[in-house]
Asker: 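The structure under discussion is supplied below as structure tokens; questions concerning it will follow.
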Protein chains: 2
Amino acid sequence: MKKKTTIKDIANVLNISAAAVSKALHDDSRISDKTKKAVKQVAKNLNYQPNHLASALRSGKSNLVGVIVPRTNSNFFSSVIQNMEEVLNKAGYNIIITQSNESYKKECANIDTLLFTQVDGIIASMANETVDLSYYEKVKSKGIPLILFDRGENDLNVDYIGINDYNSSHMIVEHLVKQGCKRIAHIGGFKRTRIFNNRIRGYVDALEKYNLPQDPELLIESSLTTEEGREKMIELLALKNRPDAVYVAGDYAALGAFQVLNEQNIRMPEDIALVGFGNEAFTAMVSPTITSIEQHSSEIGQQAAKTFLKHVKNESFTQTLNKIILNAELIIRDSSKKQ
Amino acid sequence: MKKKTTIKDIANVLNISAAAVSKALHDDSRISDKTKKAVKQVAKNLNYQPNHLASALRSGKSNLVGVIVPRTNSNFFSSVIQNMEEVLNKAGYNIIITQSNESYKKECANIDTLLFTQVDGIIASMANETVDLSYYEKVKSKGIPLILFDRGENDLNVDYIGINDYNSSHMIVEHLVKQGCKRIAHIGGFKRTRIFNNRIRGYVDALEKYNLPQDPELLIESSLTTEEGREKMIELLALKNRPDAVYVAGDYAALGAFQVLNEQNIRMPEDIALVGFGNEAFTAMVSPTITSIEQHSSEIGQQAAKTFLKHVKNESFTQTLNKIILNAELIIRDSSKKQ
DNA sequence: TATATTTGCTTAAACGTTTAAGCAAATATA
DNA sequence: TATATTTGCTTAAACGTTTAAGCAAATATA
């Protein structure tokens with residue numbers, strides 16, 4: 001195996017100290033331009049690659065940011081990650097992506113992995129299962145910057161970037177009312193998760209605002225998987241008094257509902273209007289296309305990264321809480337467009 | 001900020017040397033059970049977390065494996081990664097995921113990032129754009145294990161895990177022939193990429209085997225994006241003599257073709273049978289569902305991880321090349337099932 | 001011309017581990 | 001009982017950086 005070039009090798013070639021080389025490579029003002037040029041040239045010639053482990057160990061900074069997402073194979077999360085990465089790379093940080101697969105256990109393992117790798121910060125979106133926040137408290141107590149996006153909890157008292165879920169529900173209900181819908185159902189997530197609770201509250205308040213009946217059998221909590229979307233849709237269709245619109249709090253569950261409607265030859269939007277949430281790619285692929293909410297993933301990713309950078313910049317007075325709430329956008333498609 | 005617990009803190013508590021603590025934590029046989037127990041207890045009490053950077057620096061092993069994929073938001077890649085991760089985690093390795101977004105430039109940057117992070121190995125699937133292999137040669141020349149999957153090049157002469165693309169094309173053509181199709185078109189990838197070349201060869205040879213005409217206008221190369229899938233389908237429909245089946249070498253491009261057929265009210269499979277490649281989730285979501293090829297992503301992920309582990313186990317005689325070629329599976333769905 | 005400041009480096013220690021070498025005490029072997 | 005081996009540790013160096021402290025030479029200031 002070839003020996004890797006170190007700072008000492010460069011120092012030997014030029015007959016200067018390793019310290020001078022290190023400083024030259026970092027453009028220290030106390031090193032002459034002549035030396036800097038010479039060092040950089042030799043570094044290039046010897047194909048020098050800085051040993052990240054050594055510098056991280058010495059400086060106490062790994063320049064690594066850990067990311068935890070429920071999954072990467074969704075448009076939303078992969079776009080958030082991509083934009084986050086772009087901002088962080090420019091600032092000299094690299095990211096380590098981990099997936100929780102919506103499992104609390106895996107999420108804890110991921111946190112351990114990231115702490116073990118000595119990341120300088122963690123940006124996370126919590127798993128559906130996560131209720132116990134002690135693992136996240138652990139991160140906080142270590143003094144490592146923690147930023148949540150999309151799925152976050154207020155109680156943790158950390159920076160957060162997300163969309164206005166409450167308003168999004170209002171937009172959806174308003175749209176459906178305009179289409180002439182009178183009995184609007186909501187297949188929501190679990191109330192214990194903040195964002196889903198907000199969507200539910202928005203839905204309820206909007207119904208009130210537009211003087212629509214608030215039938216308890218039209219409001220269903222679920223885990224928002226495709227399979228549960230199917231089941232809950234079947235439940236709704238079994239009612240004596242069927243809804244004429246269904247707003248599902250997640251696109252994957254909306255797809256389940258969509259499949260059931262298709263199988264039973266129930267027309268969208270004529271018989272039942274359907275609205276999802278998340279603007280996943282497939283909502284524009286299926287027929288009819290599904291109305292959904294665009295969550296501005298790129299903006300969320302950028303803001304999350306910038307928030308992290310703010311943290312490491314002025315490490316002294318970090319604890320001014322940043323809550324960034326973006327306005328979502330309703331993408332109206334065929335599944336709900338009656339006119 | 002709280003000072004982190006180190007091995008020395010534990011040593012001080014027990015009045016033994018730091019070296020003894022290190023050995024105790026690693027269950028060295030020359031440390032007494034009594035000491036081991038005591039050390040582990042104190043480590044727990046003080047909430048000791050080993051400093052990965054220090055051990056990696058000293059031992060020359062980072063226990064990190066770098067992964068490069070064109071994108072994570074596809075079923076195939078996210079499943080490969082998940083399975084890879086499972087195997088590697090069990091062996092004490094963590095993974096760093098990076099995306100190339102099908103860009104050669106980003107791919108090179110990713111390689112630099114991973115080398116910089118001192119990964120112990122790289123598992124990659126190459127970007128569509130990648131033709132120049134010098135960056136991968138760089139990895140090889142550093143003596144870092146390199147394993148390719150799905151998209152790999154023979155010339156690099158490294159371990160590879162993938163499916164039998166040639167046979168897959170045979171399966172597809174055979175299936176279409178059985179459905180009574182006579183003019184089978186192929187929207188393929190670029191010949192310069194090995195896997196797409198194999199798919200094309202398989203298609204051509206299978207046509208010959210079943211005595212079907214080999215019309216050059218039915219064989220089209222493309223970048224296999226959804227947009228290109230649309231364009232190439234439109235081209236095929238413009239022929240005087242239309243095909244009665246279209247085999248697209250990627251699901252996203254197949255989706256583009258699918259959309260065009262739907263828009264023009266061309267029935268699948270009656271007018272034109274459609275087959276994709278990759279078994280992306282949406283192939284089972286759209287209507288009609290799209291026949292596709294399952295690439296055994298979980299198997300590929302596991303095998304890639306195991307191949308890496310083999311490399312690090314017997315580092316002496318590494319260079320026995322491993323090429324693992326799995327048989328793919330044809331998932332027959334409505335878009336091609338005439339009977 | 002005498003003193004102060006700046007420039008351009010060196011020296012030495014440190015980050016938190018791991019590991020080769022070695023040593024005394026305990027135990028086994030002849 | 002004398003020697004050999006094993007057990008259970010310690011000592012010291014090392015991995016490749018960064019950085020505080022310091023020093024001589026060069027330059028600026030009074």
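Not measured: the values here are computed from a predicted model. Chain letters run A, B, ... following the sequence lines, proteins first, then strands; residues in each count from 1.
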Asker: Measure NZ/B:Lys8 against C1'/D:dT10 and give the value in whole Å, please.
Answerer: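 In whole Å, D:dT10 C1' and B:Lys8 NZ are 15 Å from each other.
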
Asker: So which nucleotide does D:dC23 pair with, by the Watson-Crick or G-U wobble rule with both distances under 3.5 Å?
Answerer: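 Across all strands, the one nucleotide that pairs with D:dC23 is C:dG8.
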
Asker: Find the distance A:Leu53:CG to C:dA14:P and express it as a whole number of Å.
Answerer: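 Atom CG in A:Leu53 sits about 22 Å away from atom P in C:dA14.
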
Asker: Of all the choices, D:dC9, C:dG16, D:dT19, which nucleotide is nearest to the side chain of A:Ser22 once you look at every atom?
Answerer: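 So the nucleotide nearest the side chain must be D:dT19.
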
Asker: Rounded to the nearest Å, what distance is computed from the NZ atom of residue A:Lys61 to the P atom of nucleotide D:dT19?
Answerer: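 To the nearest whole Å, that distance equals 12 Å.
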
Asker: What does D:dA28 pair with, Watson-Crick or G-U, if both distances are under 3.5 Å?
Answerer: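 The answer is C:dT3, by the H-bond criterion.
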
Asker: Could you check B:Ser29 against A:Ser55 and say which one's nearest nucleotide on DNA chain D is further toward the 5' end?
Answerer: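 Counting from the 5' end, the first nearest nucleotide belongs to B:Ser29.
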
Asker: Using whole Å, report how far CZ of A:Arg30 lies from P of D:dA25.
Answerer: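 My rounded result for the distance is 16 Å.
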
Asker: Let me know the distance between NZ of B:Lys23 and P of D:dC9, rounded to the nearest Å.
Answerer: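 Rounded to the whole Å, the gap is 10 Å.
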
Asker: Between A:Tyr104 and A:Tyr135, what is the ring plane arrangement, given parallel below 30°, perpendicular above 60°, and tilted in between?
Answerer: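 If you compare the ring of A:Tyr104 with that of A:Tyr135, the planes turn out perpendicular.
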
Asker: Please report the distance, rounded to the nearest Å, between CZ in B:Arg58 and C1' in D:dC15.
Answerer: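 Distance check: B:Arg58 CZ to D:dC15 C1' gives 6 Å.
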
Asker: Tell which nucleotide pairs with C:dG16, taking only Watson-Crick or G-U wobble pairs whose two distances are both under 3.5 angstrom.
Answerer: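 Partner of C:dG16: D:dC15.
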
Asker: Are the charged groups of B:Arg151 and B:Glu102 less than 4.0 angstrom apart, N to O?
Answerer: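 Salt bridge between B:Arg151 and B:Glu102, a charged N being under 4.0 Å from a carboxylate O: yes.
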
Asker: Assuming nearest nucleotide by heavy-atom distance, tell me which of B:Ala20 and B:Ala54 is located more 5' along DNA chain C.
Answerer: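 In this pair, the answer is B:Ala54.
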
Asker: Please walk me through it: do A:Ser103 and A:Ser100 pass side-chain hydrogen bond (donor to acceptor under 3.5 Å, both in side chains)?
Answerer: CA-CA 5 Å; A:Ser103 144; A:Ser100 69; over 6 Å; no

Asker: Which nucleotide wins on minimum distance to the side chain of A:Ser17, given the candidates C:dT11, C:dT17, D:dT17?
Answerer: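 So the side chain of A:Ser17 is nearest to C:dT11.
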
Asker: Closest to the B:Ile16 side chain: D:dT10, D:dT17, C:dT17?
Answerer: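 Between D:dT10, D:dT17, C:dT17, the one nearest the side chain of B:Ile16 would be D:dT10.
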
Asker: If you only use heavy atoms from C-beta on, which nucleotide in C:dG16, C:dT11, C:dT19 is closest to the side chain of A:Ala19?
Answerer: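 Within the option list, the nearest is C:dT11.
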
Asker: Between D:dC9, D:dT19, D:dA13, which nucleotide has the shortest distance from any of its atoms to the side chain of B:Thr35?
Answerer: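 Ranking D:dC9, D:dT19, D:dA13 by closest atom to the B:Thr35 side chain puts D:dC9 first.
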
Asker: Atom CD1 of B:Ile7 and atom C1' of C:dC15: how far apart are they, to the nearest Å?
Answerer: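 Taking atom C1' of C:dC15 as the reference, CD1 of B:Ile7 is at 13 Å.
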
Asker: Would one find a side-chain N or O of A:His52 under 4.0 angstrom from OP1 or OP2 of D:dT17?
Answerer: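 No, outside the criterion.
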
Asker: With no hydrogens and no angle check, just 3.5 Å: does a side-chain donor-acceptor pair link B:Tyr136 and B:Glu107?
Answerer: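 Note: B:Tyr136 and B:Glu107 side chains meet the donor-acceptor criterion.
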
Asker: Has A:Ser125 got a side-chain atom pairing as donor or acceptor with A:Phe149's backbone, closer than 3.5 angstrom?
Answerer: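 Here the side-chain-to-backbone pair exists.
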
Asker: Within this structure, what is the CG-to-P distance between A:Asp33 and C:dG8, rounded to whole angstrom?
Answerer: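 In whole Å, C:dG8 P lies 8 Å from A:Asp33 CG.
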
Asker: Do A:Gln303 and A:Met84 have side-chain heavy atoms sitting under 4.5 Å apart?
Answerer: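 Not in contact.
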
Asker: Counting side-chain heavy atoms from CB outward, which of C:dT18, C:dA20, D:dT17 is closest to B:Ser59?
Answerer: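 Nearest listed nucleotide: C:dT18.
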
Asker: Nearest of C:dT17, D:dC9, D:dT17 to any side-chain atom of B:Ile31?
Answerer: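 Nearest listed nucleotide: D:dC9.
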
